[in-house]
Every structure is written in structure tokens, then in C-alpha cells.
Amino acid sequence: MKEVVFALLTGFIVGFLFAWFKLPIPAPPAFAGVAGIIGIYLGFKVFAWIGPVLSSFIR
């Protein structure tokens, strides 16, 4: 949980600094982009969980 809080804090600070210097945001500007990143992460985690089961069926 500590990593999540640090990541959120770091992201907040970076976003604040980018806005302050009037730079484009270094992340997807729309919620759909953020949802896509979450989907990629979840797909990776599900594969890590199901991957060993799938490989036993392929053999």
C-alpha cells in the first residue's frame, strides 16, 4: 500500500509541475486512456494467474 501512496503522490507532483510550466500532460488526457492502462495491467495480472493453467493444457 505504501508503494501506491508514493506513486499517487509522485504522479500528483509531476502533474502539478507540468501544469505550472504549461507543458502537455505526460499521461492520457482522457478517462478512456486511463481505463486502457488499467486494462493492460489487469490483463497482465490475469495472465500471470491463468498462464500456468493454460500451459498445462497446451502440452
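All residue numbers in this chain count up from 1 along the given sequence.
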Side chain S56, main chain V53, donor-acceptor under 3.5 Å: yes
Are F6 and L8 co-members of a hydrophobic cluster defined by side-chain heavy atoms under 4.5 Å apart? no
Is it the case that one hydrophobic cluster holds both I38 and Y41, taking links as side-chain heavy atoms less than 4.5 Å apart, direct or via other members? yes
Applying a strict under-4.5 Å side-chain criterion to I, L, V, M, F, W and Y, I'd like to know whether L9 and F16 cluster together. yes
What pair of heavy atoms forms the shortest contact from F47 to P52, and how long is it? O-CD, 4.3 Å
With hydrophobic residues grouped by side-chain heavy-atom distances under 4.5 Å, do F21 and V14 end up in a single group? yes
Taking V34 as the starting point, is it possible to reach I25 by hopping between hydrophobic residues whose side chains are less than 4.5 Å apart? no
